[in-house]
Amino acid sequence: MELTEGKYQIQGIDVSAIAKEFGTPVYVYDGKKIVDQLQNLKNAFSENPLKIKFAMKALSNVSILKLLKKFGAGVDAVSIQEAQLAIGAGFENNEIQFTPNSVDFSEIVEGVELGLTVNLDNLTMLEKFGKKFGSSYPCGLRLNPHIMAGGNYKISTGHGNSKFGISVFQLPDVMRLVEQYKIVVNGLHIHTGSEITETDVYLKMAEILFGVARDFPALKFIDFGSGFKVAYKDGDHITNIYDLGLRLGKNFKEFYHSYGKQLELWIEPGKYLVSEAGYLVVNVNVVKATPSVTFAGVDSGLNHLIRPMMYDAYHEIVNISNLTGDQKIYTVVGNICETDTLGADRKLNEVREGDLLAIKNAGAYGYSMASNYNSRFRPAEVLVWNGKAQLIRKRDTLDDLLRNQVVIEI
Ligand SMILES: *Cc1c(COP(=O)(O)O)cnc(C)c1O
């Protein structure tokens, strides 16, 4: 979103006009920004055979998946349903990495039947996998390196008490199963959490993986996961992906030379690709001044964007209807009967009832975590691509709220 000629625009289209055409609340995505971010990653890792697996749990709209597919990304799916959506969007089955956690073994079997790249994260699953498939179908292993990384405890997944991955301390057990059942391990994977800003953390993880990798002669790829952080506000620390691409890439090359064959370097960004491309545009229903706080109450809330309440995430908010009004301090809240603050104590150009606010960084974990709480409709989604704003998901209707309800005689 750029401020041009007194209007907030995406690819030359007035964001207020998009809100008027499709109604509010509405998620608006800038397709060009998504493609640019994808290209940044390709440039940063250009020295290596790179595969980018979009972590689609961040944003699972099929039109967005098609866009990413068109520009060469694969997919990381965490449920069989995500994999099915990705197949529907046109991804080849083997371009889809399947990284589930705590699923029944039958779901992993489904992944094999679909021909996905299956990534196991538990010893009991590895044993079941070995018993059923032996050497007939390869699998990857998700490892837990016991590194505390990432923005906070809730989003860090690679520390010792995390439920994710097979502990590197349990490698002897892994090796025993691999030998017993002749399991073909074709990839090693680490994803230690979200919002990692230090290249050194990745390099440390890489060292651990390289150490382990020598024991697996059939590898095709090593997957370094994600956690690439983008800016949510001015001055935020971000992951310098060029530094990462350079240094990790160099170590990776050295490793595969000593390993004896070229391996693919995989990463699986979610947030990095789509966070900044998305805006949740909302209408101000009420301005409510109390003796201590002035609230701007909008037609959305934690049902549509849960990150501020769930993770204390900071999402910048802009009044796109009033570019010149005096700045005042507002607390922007939703219309849900629950404390649902979207942004506290924000300096905004004077907010009037009927103004439109744009909430930034709403592309990742926005719509995909939205719910119908309070029996409200989930928003519409609009993609701006090739200079055109197009609806890519309709707003819910009452039928959606009733769809699976079975009304019985009382
Ligand atoms: C969520 C997730 C990602 C993406 O994390 P981001 O912080 O959004 O980049 C990558 N890999 C796996 C396995 C995940 O669960």
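Remember, it's 1-based here, ligands and their atoms both numbered in the order they're listed.
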Donor-acceptor contact present, side-chain Tyr259 to main-chain Leu219, <3.5 Å: yes
Taking Thr117 for its side chain and Asn94 for its backbone only, find out whether a donor-acceptor pair lies under 3.5 Å. yes
Could you please spell out the steps behind the salt bridge (charged side-chain N to carboxylate O under 4.0 Å, His left out) verdict for Arg403 and Asp400? CA-CA 5 Å; Arg403 173 157 297 126; Asp400 295 307; 2.7 Å; yes
Is it the case that over 12 heavy atoms from other parts of the model lie below 6.0 angstrom from the NZ atom of Lys388? no
Which atoms from ligand 1 have a heavy atom of [X] less than 4.0 Å away?
X: Gly270; value: 4 (C), 6 (P), 8 (O), 9 (O)
X: Lys271; value: 6 (P), 8 (O), 9 (O)
X: Tyr365; value: 1 (C), 4 (C), 5 (O), 6 (P), 8 (O)
X: Arg142; value: 13 (C)

Any heavy atom of Gly227 closer to ligand 1 than 4.0 angstrom?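 True for this residue.
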Any residue meeting ring pair (Phe, Tyr, Trp, His ring centres under 6.0 Å) with Phe105, in chain and number order, not counting sequence neighbours: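 Per chain and number, Phe105 pairs via ring pair (Phe, Tyr, Trp, His ring centres under 6.0 Å) with no residue.
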Only pairs under 3.5 Å count here: list side-chain donor-acceptor contacts from residues 174-188, not counting sequence neighbours, and write none if there are none.
unit_1 : atom_1 : unit_2 : atom_2 : d
Tyr181 : OH     : Glu127 : OE2    : 3.1
Lys182 : NZ     : Glu179 : O      : 3.2

Which option, Gln97, Lys57, Lys229, Glu268, owns the non-hydrogen atom nearest atom 14 (C) of ligand 1? Lys57
Polar atom proximity, Ser226 to ligand 1 (N or O, under 3.5 Å):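 N/O-N/O distance under 3.5 Å: yes.
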Examine the proximity of ligand 1 to Ala55 and report which part, side chain or backbone, both or neither, has a heavy atom under 4.0 Å away.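 It is the side chain that gets close, since no backbone atom is under 4.0 Å.
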